[in-house]
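Chain identifiers are assigned alphabetically (A, B, ...) following the order of the sequence lines, protein sequences preceding nucleic acid strands; residue numbering begins at 1 within each chain. Not measured: the values here are computed from a predicted model.
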Amino acid sequence: MATDSIAIPLPRTASRSVVLDWLCTVDHKKIGIMYIVYALIFLVIMGCEAILMRIQLARPESTFLNAEAFNRLFTMHGTTGIFFVAMPMLFGFGNYFVPLMIGARDMAFPRVNAFSFWMTAFGGILLYASFFSGGSLLHGGSAPAVGWFAYAPLTAPAFSPGHGTDFWILALLVAGVGSIGAGVNFVATVLCMRCPGMTLGKMPLFAWMNLVTGAMVLVAISPLTAAQLMLIGDRFLGSHFFDPAAGGQPVMWMHFFWIFGHPEVYILIIPSFAFISEILPVFSRKAIFGYPAMVAATAGIGFISLGVWAHHMFTVGMPSYGNAFFVLTTMVVAVPTGIKIFNWLATLWGGKIRFATPMLFCIAFLFQFLIGGLTGIMLATAPFDWQLHDSYFVVAHFHYIIVGGILFAIFAAFYYWFPKMTGRMLSETLGKWHFWIMVIGFHLTFDFMHVPGLLGMPRRIYTYQAGRGWGVWNMISSIGVIFQAAAILIFVYNLVHSYFKGALAGNDPWDAWTLEWATTSPPPDYNFDAVPVVRSRRPLWDIKHPEDPDWKYE
Amino acid sequence: MSATPVSVAAEAAEAQPLSRGRVGMWCLIVAESAIFLIFIVAYLFYMGKSLDGPTPREILTVPVITTICLLSSSATMHWATAALRQGKQTAFRLFWFVTFALGAIFLIGTGREWHHFIYQENFTIHTNLFGSTYYSLVGLHATHVAVGLIALGTVLLLALLGKVKQEHSERCEILAMYWHFVDAIWVVVFTVVYGLGR
Amino acid sequence: MILSGGRGLRTFRLAVAVRSAWRACALTLLCASASFAAVNPAPLSPTNIFAPESTPARSIFRISGFVLEITGAIFVVVFSLLAYAVFKFRERKDDDGHEPPQVYGSNQMELAWTVLPVLIVVVLFLSTAQVIHRVQDAREPADAVQVTAVGHQFWWSYEYPQYHFSTANELHVPVSDASDPTPTYLRLLSADVDHSFWVPRLAGKTDLIPNHPNTTWIDPHQVGLYLGQCAQFCGTSHANMLLRVYVQTPDDFQRWVHAQEQPAVNDPSVVLGRTLFVTKACFACHTIRGTIAAGKVGPDLTHLMSRDTIASGILPNTPENLRRWIRDPAAVKEGALMPKVDMTDEQLNQITAYLETLK
Ligand code: HEA
Ligand code: HEA
Ligand code: CUA
Ligand SMILES: [Cu+2]
């Protein structure tokens, strides 16, 4: 060993070993950070795709993009957003903080964890390889152009020649295997790795919600995997699952996809709820209101969400009782979700609210998620959905939740936990700029996007005729994206700048209550010097307030 | 910068923490069941919807012997792990080997069935909807048997080398969970394909 | 009296303000577009879903308004609570540094905000189910006009089984008078991939899916032209798969039907173009009744000139546009499945001249 380090110039070994260190790591914190950075890169990529689409749509009959390129862009944008931005980002935070919050030294299966990350990473790279695997770049290479739910039989070789669709299938298959690994890990970690004293009822909500997410990943991603296997069979082996010519039913694909697709959106929102449920109490200076109800509501949402998928299919001609059934199940989700909203409000109530940047994003989350949820109720009204389905109203609905909800929650998480992950604070000044510009951009883009939907504008159209009355609204939407891009640029700058120059954070900059703040920032490899022992949901509160600890009340 | 001491007073550790291996395997089984469920739904849905022949009734024969083999391998697997837990090495190796052999017989049976279909009956995945669903569902199961056999074979090899000790019985039992799952799924697949489907 | 009344008056004013606020929020869009439709014959947009002109669209419009009101009310209540909490419980400059009282929950309140939404959901569900039933399970009258609409990448064909002819891209139906309802029932099929039939002012959308026949119905109350377009992504030119529905008086409709039933005009002056239509393989894909052309891959051209537009509504049907189209379809409509056929300019003129006689 000693001779080695003499033979090779030092700096080089150092940097090489750092790289190797990251490539080979099985440490949940490093894997978490890799997930997060990976997702950030894809956020910028998919955002750039969105920018191109918005330029094209800003005016009627625009010729900025051709049809093929546009169709590829929205397919890539949507697929990337769901599978390579939102999921890895949320898994990343989960990976980093679940073990810390339950006082564990790592995830249950560290090597499976690393495997999962690399599968996800590989999936994203595979998807983007399609851009460069033949065809003119101006037409989007041979990227898939079937939309993110890839309805059959458009995916059949006759209608999707070339390999774009194959890239799409394989990328999601590979990433799906990674996700299932992550799901297994979350469940096993939360169930088996808790520190002494931390019963299920004393876990932070963050752990609970990641447990539910993990369980949902297991039952939701698998149907997608199964459907993709069938599609591979159809494309490569000549089977007829979705082939109308042989009696196959394209509607089957829709069912299979949405049996995955709907729980998937809750797989994204529940970890976001987890962020809010940790951050909101700290900046209100109050314990979370109604912990047992929050747990029950989370489990309830997870459970009900398995039975609502066909609300994406109100227009495919289900019988009236089928439609009515899915109206009911879908609307029922509003009840547990409402419990959450109200419990968060009650947590704010009577508190002393500190408007640090994480809290600003949380409050905006509440506001925006509320609206997104209520437009969801409109879509759940099947007859209304016969008009709204596949229109820009749907696009507005889900961006309201995904961007206004999930992305805002992710920003809150960044501002809140960056100090723990790096030892330095993010700049509050830049944070407030980021927040306000993002809010403006978000509302410009997505508030006004509802209107063309109500005026009959379908989604996934690369052009539209003047005289439909859609132009103004689209122009406003497009202008909003400039603000969003600026905000995200500020954010990225803030990350990089603060990583090197930010104020030192200390262990517990927010005066918070969960276990991750009990160790150093960033935490050592083994997380805790001594395995902690807890008596309540807020172990650090107990220490800070020995005269009035939580465990007296729980 | 020392960490905030959380609580030094070590309380009585929790009774018996769950085994993460078992929990992990349960999770995997849940995920796998969901995959099978989709294939089974597809099978049931397309039953009798093929536009042309052959129909299941015309060509399927019930694989009684291989099914008995696979199902009894669950029992031998159970005896094998029980033996290991009690430290009875010879019994463990014997039963483990028998399990492996029974699984292999099953797989060979499936292989012969397929060979017959493809070369004698000219019936492939491409033939009709029945072919598509039959080969994919049975094939999915066979893949699981094959993966199981690889794992069983590895353990068998290690056992013959004397590397599998009593303290490994937990791990073997986790592998056994997977094997029992593969058997249980066969009961469902069998019922669907050779029972309802005919 | 006056003093004690102050508080009551204030709450009253507040209630009025809140109520008018949520009304404004929830209904601005609805009212704006609806009143537009009422006073202005050209609504905000020719495809405005809030300007219904047919029974299914009206039923949808009504339930939509109801849902908008309920969700609007929920929004105003929850938003007010949020705004109030954020404002009222903000940390003050002169804070004493103590933590606020810790409250862990309250069973009564949590029960309240579980039960209340349950009740709202029940109401929403029941009224929704009623509309679903009314629209979807409506009994089809024996004398309804029947049309079989087939979606193709990227155009529509319409067959009229009662009248033995078929046409493309422009659907004609009779107006349905309240005193003498003549609804039109559309059987929706697909020739290739999924499409969706969506004319917002007449009805909600219904998909056209291979191997999965669907039905929808309309009974337009007003004569006129209604627009829409394919609403399910169906490939490259999905954006260019437009819909046009011509609602006519019963007499006009019968005249149109009668004209469509005739075989194609046989004008001897364009015999050159007519020959070209066969030699250039056009006949393999297109039908012109009364000639040997009986292809089904492309639109029926028997009465091409009776249509206002070509290429499923994206171009006005003018001689120049026809020429442009035949010269290079994909240049006009990206991804169009009609091939570019090699022709001299003269041949192009002849074939266009021929098509222009197909009145
Ligand atoms: C990612 C997160 C996410 C979340 C959390 C949701 C949440 C909901 N969604 Fe959304 N949805 C998407 C993402 C999401 N959605 C996506 C991506 C699509 C489109 C996919 C595609 O086509 O590409 C979609 C599409 C979609 C459709 C299909 C539209 C169509 O294509 O025609 C429908 C229809 O029912 C729907 C409904 C709902 C409902 C009812 C909720 C509910 O969970 C909302 C519940 C919340 C509230 C209701 C607010 C708070 C509650 C209260 C204050 C209590 C009181 C309220 C009442 C009693 C009503 N969504
Ligand atoms: C995580 C999920 C996610 C996220 C974050 C977003 C974010 C955005 N989306 Fe996306 N979207 C989807 C998921 C998501 N979307 C899905 C699933 C679909 C459906 C796809 C389908 O139909 O198949 C869809 C579809 C979709 C459409 C409809 C396309 C169509 O139907 O034709 C549109 C149109 O405007 C759109 C716009 C946007 C915009 C403007 C943002 C913005 O919020 C993006 C903001 C981010 C940036 C702007 C990046 C920042 C850039 C930089 C920092 C670099 C600066 C560089 C320059 C200035 C050059 N999206
Ligand atoms: Cu046809 Cu879109
Ligand atoms: Cu959904």
Side-chain angles (χ1 to χ4, degrees), chain A residues 66-68 71 147 151 153-154 159 244 249-251 285-287 289-290 293 315-317 320 323-324 327-328 331-332 334-335 338-339 341-342 345 348-354 363 366-367 370-371 374 377-378 381-384 386-387 389-390 454-456 458 460-463 468-469 553, chain C residues 29 44-50 60 63-64 67 71 74-75 78 81-82 85-86 89-91 95 99-100 102-105 110 113-114 117-118 121 124-125 128-129 131-133 135-137 193-194 196 200 204-207 209-212 214 229 231-233 235-239 334-335:
Chain A
N66 54 51
E68 268 188 285
N71 297 345
Y151 273 1
L154 193 58
F159 304 110
Q249 286 284 358
V251 178
R285 310 307 306 158
K286 277 179 71 219
F289 190 93
T315 63
V316 307
S320 53
N323 281 333
V327 169
L328 181 62
M331 285 186 175
V332 166
V335 176
I339 294 178
I341 297 262
F342 293 121
L345 281 178
L348 291 171
W349 211 268
K352 289 185 179 170
I353 300 172
R354 293 183 188 161
I363 292 169
L366 287 183
F367 172 62
L370 172 68
I371 298 178
L374 292 172
I377 294 300
M378 299 174 200
T381 310
F384 205 173
W386 295 334
Q387 291 286 18
H389 173 68
D390 268 351
L454 298 173
L455 298 184
R460 297 172 162 181
I461 54 173
Y462 78 97
T463 187
R468 290 286 176 107
Y553 306 96
Chain C
L29 256 176
L44 213 52
S45 154
T47 45
N48 188 347
I49 68 169
F50 291 143
I60 296 174
I63 183 80
S64 309
V67 173
T71 49
I74 296 173
F75 170 74
V78 180
L81 290 172
L82 175 65
V86 167
F89 301 110
R90 66 191 192 279
E91 189 178 42
D95 191 72
E99 301 281 21
Q102 300 295 306
V103 183
Y104 298 91
E110 288 171 60
W113 60 59
T114 309
V118 168
V121 165
L124 282 177
F125 167 68
T128 305
V131 179
I132 294 178
H133 176 67
V135 174
Q136 259 194 292
D137 302 339
V193 300
D194 304 345
S196 194
K205 61 181 76 60
T206 310
D207 295 354
I209 304 167
N211 252 358
H212 187 95
N214 277 334
Q229 68 191 79
Q232 182 63 267
F233 182 65
T236 311
S237 240
H238 157 65
E334 206 184 322

So, do [X] and [Y] sit near enough that their side-chain heavy atoms are less than 4.5 Å apart?
X	Y	result
C:E110	A:F289	yes
C:S64	A:M378	no
A:R468	C:P46	yes
C:F233	A:D390	no
C:F89	A:W349	yes

Where on [X] is there a heavy atom nearer than 4.5 Å to chain A: the side chain, the backbone, both, or neither?
X	result
C:V135	side chain
C:I49	both
C:D194	both
C:I209	side chain
C:V118	both

As an exercise, state the distance from [atom1] of [X] to [atom2] of [Y], rounded to the nearest 0.5 Å.
X	Y	atom1	atom2	answer
C:T128	A:N323	OG1	CG	11.0 Å
A:T315	C:K205	OG1	NZ	6.5 Å
A:L154	C:Q232	CG	CD	9.5 Å
C:W113	A:L345	CH2	CG	8.0 Å
C:I132	A:S320	CD1	OG	7.5 Å

Does any N or O in the side chain of [X] come within less than 3.5 Å of the main-chain N or O of [Y], such that one atom is a donor and the other an acceptor?
X	Y	result
A:Q387	C:P200	yes
C:N214	A:V316	yes
C:S45	A:L455	yes
C:E334	A:N66	no
C:E91	A:R354	no

Using non-hydrogen atoms only, which part of A:Y462 is less than 4.5 Å away from chain C: side chain, backbone, both, or neither?
->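 Both the backbone and the side chain of A:Y462 come within 4.5 Å of chain C.
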What part of A:L370 lies closer than 4.5 angstrom to a heavy atom of chain C: side chain, backbone, both or neither?
->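 Side chain only.
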Minimum heavy-atom distance between [X] and [Y], given as atom pair plus value:
X	Y	value
C:N211	A:P244	ND2-O, 3.2 Å
C:L124	A:M331	CB-SD, 3.7 Å
C:A129	A:A324	CB-CB, 4.5 Å
A:R460	C:H238	O-CD2, 3.0 Å
A:G350	C:P100	O-CB, 3.5 Å

Please determine, among A:E68, A:R285, A:H389, the option with the most heavy-atom pairs under 4.5 Å with chain C.
->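 Heavy-atom pair counts peak at A:R285.
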Based on non-hydrogen pairs under 4.5 Å, which of A:P383, A:G469, A:G147, A:A293 is most in contact with chain C?
->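 Option with the top pair count is A:P383.
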salt_bridge(A:K352, C:D95) N-O dist < 4.0 Å =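 Salt bridge flag = yes for C:D95 with A:K352.
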Taking C:I63, C:V78, C:T114 one by one, which has the highest count of heavy-atom pairs under 4.5 Å against chain A?
->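 So the answer, after comparing C:I63, C:V78, C:T114, is C:V78.
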Among the listed options C:G204, C:G235, C:G335, C:S196, the residue most often paired with chain A at heavy-atom distances under 4.5 Å =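 Top option by heavy-atom pairs under 4.5 Å: C:G204.
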Let me see the working for C:T206 and A:W386 under side chain to side chain contact (heavy atoms under 4.5 Å, CB included), right down to the final yes or no.
-> CA-CA 7 Å; C:T206 310; A:W386 295 334; over 6 Å; no
